[in-house]
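Step one of this worksheet: look at the structure below.
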Amino acid sequence: MNKPPEAAADRLPPEGPLADGQSPIRSGQVSASPAKRAWLRFKRNRLGYWSLLVFCALVLLSLGAELLSNDKPLVARYQGHTYFPIAQSLPETTFGGDFQTATDFLDPFIQAQFQQPGNWAIYPPNPYHFKTLNYFAKAPNPAAPSTQNWLGTDERGRDLLAQLLYGFRVSVLFGLALMAIGVVLGVITGAVQGYFVGKTDLVAQRLIEIWSSMPELYLLIIFSAVFDPSVTILLVLLSLFGWMGLSDYVRAEFLRNRQMDYVKAARALGVGHWQIITRHILPNSLTPVVTFLPFRMSAAILALTSLDFLGLGVPPGTPSLGELLAQGKSNLDAWWISLSTFAVLVLTLLLLTLMGDALRDALDPRKADV
């Protein structure tokens, strides 16, 4: 029996775009994919969504730090010639100096040369690199915030804003690298244990327990005494211990999903272990991995900062939030060092935590679909 036209019309999706936050399922349209629904749930969490935007903006600014904070002009015009000092090393004689050494663009003589008619130079907003030592500064170091150094200088006379900008970039890139290595190792070990179980799982668990009992801080102290400080060595050492927490989550997900009917059906059809792991179980076990990422990255940044504070982190001369905190501890009267560094560190960890909370709620199957 055919349904009346009115009933068929009632089942048609409404015309026009959806309102902001309106569910395509409730409106009668085609159901969105799980990833799309998770993204819509994430966007509904305003704190997490804006934290993601602010964090991405800060990362992009730090990646272009050389364009924002540098002691070399972006472009310069001198005696009819155009130069790009930010991308090339130019001797002082190029701009009327007497020596073949690299040009110090903070030198009053060089700056006076660019003030002559026909000559000009465009500097970054903050005319200091993280390595810059302003030998022509009049205030003793560490100097308080001023129009010349917006956030002041550290105990060596380096601009604090430049130190924070470049130090933030080092911390973020280190956290991303450590997080990526930890994810790869954690997913592989957790997947092998959770899928094959039996003796494989038993032996692997005992080995992980033994390895996790190793004194990580003592190993770092020993290696820092034997080898020269290196970001690579520090990354390798922290990577050896940073994957075990994620491995437990992945193992638990594999133990649960390997009993599902679709996995049993794949085994019955003769599908190989590798294909079952990568195509069937792993995509359905990534929820704890994704939600773990912001928290893992914040832990990596905090670990690097702590090690730098103790003098066990990056090589000397590398911009570091931990080194600035150590300087603030040694110079309690220079309040601007501790205050600004602590503010950057807290803001970074807060943004990552809010992103992690929002991501966890967006991927939680107990949450109602948008």
* Asked: Are side-chain heavy atoms of Phe168 and Thr348 found at a separation under 4.5 Å?
  -> yes
* Asked: Do Leu219 and Ile233 share a hydrophobic cluster (ILVMFWY, side-chain heavy atoms under 4.5 Å, transitive)?
  -> yes
* To do: Determine, stepwise, if the pair Leu58 / Leu351 fulfils side chain to side chain contact (heavy atoms under 4.5 Å, CB included).
  => CA-CA 11 Å; Leu58 293 177; Leu351 292 176; 4.0 Å; yes
* To do: Report yes if some heavy atom in the side chain of Gln100 is under 4.5 Å from a heavy atom in the side chain of Thr93; otherwise report no.
  => yes
* Asked: Between Ser330 (side chain) and Ala326 (backbone), is there a donor-acceptor pair under 3.5 Å?
  -> yes
* To do: Look at the rings of His81 and Tyr83 and say which category their plane angle falls in: under 30° parallel, 30 to 60° tilted, over 60° perpendicular.
  => tilted
* Contact check, side chains of Tyr166 and Lys131, non-hydrogen atoms, under 4.5 Å -> no
* Rounded to the nearest 0.5 Å, what's the gap from CZ on Phe130 to OG1 on Thr318? Could you check? => 7.0 Å
* Does any pair with a residue in residues 171-185 pass salt bridge (Lys or Arg N to Asp or Glu O under 4.0 Å), and if so which ones, sequence neighbours excluded? -> none
* Exercise: identify the closest heavy-atom pair between Lys72 and Pro124 -> O-CD, 3.4 Å
* Does Tyr195 offer a backbone N or O that forms a donor-acceptor pair with the side chain of Arg258 under 3.5 Å? -> yes
* Heavy atoms of other groups near Tyr135 OH, more than 12 under 6.0 Å -> no
* **Test item: Thr353 and Pro294 side chains (from C-beta on) under 4.5 Å apart, heavy atoms** => no
* Asked: Do Leu310 and Leu237 belong to the same hydrophobic cluster, where Ile, Leu, Val, Met, Phe, Trp and Tyr are linked whenever their side-chain heavy atoms lie under 4.5 Å apart, directly or via other members?
  -> yes
* CA sep, side-chain torsions, deciding dist, call: Leu352, Phe55, side chain to side chain contact (heavy atoms under 4.5 Å, CB included) -> CA-CA 8 Å; Leu352 289 171; Phe55 183 77; 3.9 Å; yes
* Do the non-hydrogen side-chain atoms of Leu324 and Val344 ever get within less than 4.5 Å of each other? -> no
* Asked: When rounded to the nearest 0.5 angstrom, what distance separates OG in Ser338 from CG in Leu345?
  -> 12.0 Å
* Asked: Same hydrophobic cluster for Leu293 and Leu246, using side-chain heavy-atom links shorter than 4.5 Å among ILVMFWY?
  -> yes
* Any donor and acceptor pair, going by atom type alone, linking the side chain of Asn45 with main-chain N or O of Gly48 inside 3.5 Å? -> yes
* If only atom types and distance count, is the side chain of Trp336 paired as donor or acceptor with the main-chain N or O of Thr153 below 3.5 Å? -> yes
* Is there a donor-acceptor pair closer than 3.5 Å between any side-chain N or O of Asn70 and the backbone N or O of Ala65? -> no
* Asked: Side chains of Gln111 and Phe136: does their closest heavy-atom pair fall under 4.5 Å?
  -> no
* Can you tell me how far the CD1 atom of Ile337 sits from the CG atom of Leu325, to the nearest 0.5 Å? -> 10.0 Å
* Asked: Looking at CD1 of Ile86 and CD1 of Ile122, how far apart are the two atoms once the value is rounded to the nearest 0.5 Å?
  -> 11.5 Å
* Write out all pairs satisfying ring pair (Phe, Tyr, Trp, His ring centres under 6.0 Å) with one or both partners inside residues 228-255, taking only residues at least two apart or from two chains. => Trp211-Phe241, Tyr249-Phe292
* Quick one: does NZ or CZ of Lys43 land under 6.0 Å from the six-membered ring centre of Tyr49, within 45 degrees of the ring axis? -> yes
* Leu321 and Leu164: CA distance, side-chain angles, deciding distance, side chain to side chain contact (heavy atoms under 4.5 Å, CB included) verdict -> CA-CA 7 Å; Leu321 300 180; Leu164 292 174; 3.9 Å; yes
* For His280, check ring-ring contact (aromatic ring centres under 6.0 Å, His included) against everything at least two apart and list the hits. => none
* Between CG of Leu176 and CD1 of Ile181, what distance do you get to the nearest 0.5 Å? -> 11.0 Å
* For the pair Arg251 and Asp248, find out whether any cationic side-chain nitrogen is under 4.0 Å from an anionic carboxylate oxygen. => no
* Testing Asp159, Asn126, Thr132 for side-chain hydrogen bond (donor to acceptor under 3.5 Å, both in side chains) with Ser69, which one passes? -> Asn126
* Side-chain heavy atoms under 4.5 angstrom apart, residues restricted to Ile, Leu, Val, Met, Phe, Trp, Tyr: same cluster for Met297 and Leu47? -> no
Only pairs under 3.5 Å count here: list side-chain donor-acceptor contacts from residues 183-194, not counting sequence neighbours, and write none if there are none.
unit_1	atom_1	unit_2	atom_2	d
Thr189	OG1	Leu185	O	2.8
Thr189	OG1	Gly186	O	3.2
Thr189	OG1	Ser247	OG	3.0
Gln193	NE2	Thr189	O	3.2
Gln193	NE2	Ser247	OG	3.4

* To do: Evaluate the side-chain proximity of Val314 to Phe174: yes if any heavy-atom separation is below 4.5 Å, no if none is.
  => no
* To do: Flag the pair Gln148 / Asn134 as yes when at least one side-chain heavy-atom distance between them is below 4.5 Å, and no otherwise.
  => yes
* **Leu312 side, atom CG; Leu304 side, atom CG - distance, nearest 0.5 Å** => 11.5 Å
* If you group Ile, Leu, Val, Met, Phe, Trp and Tyr by side-chain heavy-atom gaps below 4.5 Å, do Leu240 and Met214 land in one group? -> yes
* Is there a donor-acceptor pair closer than 3.5 Å between any side-chain N or O of Thr82 and the backbone N or O of Arg77? -> no
* Between Gln259 and Leu255, which heavy-atom pair has the shortest distance, and what is it? -> CG-O, 3.8 Å
* To do: Mind checking salt bridge (Lys or Arg N to Asp or Glu O under 4.0 Å) for Asp104 and listing every partner two or more places apart, or none if nothing turns up?
  => none
* To do: Using a cut-off of 6.0 Å, state whether more than 12 heavy atoms not belonging to Tyr262 lie near its atom OH.
  => yes
* Run through Phe95, Trp120, Phe105 and flag the one making a ring-ring contact (aromatic ring centres under 6.0 Å, His included) with Tyr78. => Phe95
* Look only at the side chain of Gln163 and the backbone of Pro319, and say whether a donor-acceptor pair between them is shorter than 3.5 Å. => no
* Partner residues of Arg267 under the salt bridge (Lys or Arg N to Asp or Glu O under 4.0 Å) criterion, sequence neighbours left out -> none
* Can you establish whether the number of heavy atoms outside Arg256 located under 6.0 Å from its atom CZ is more than 12? => yes
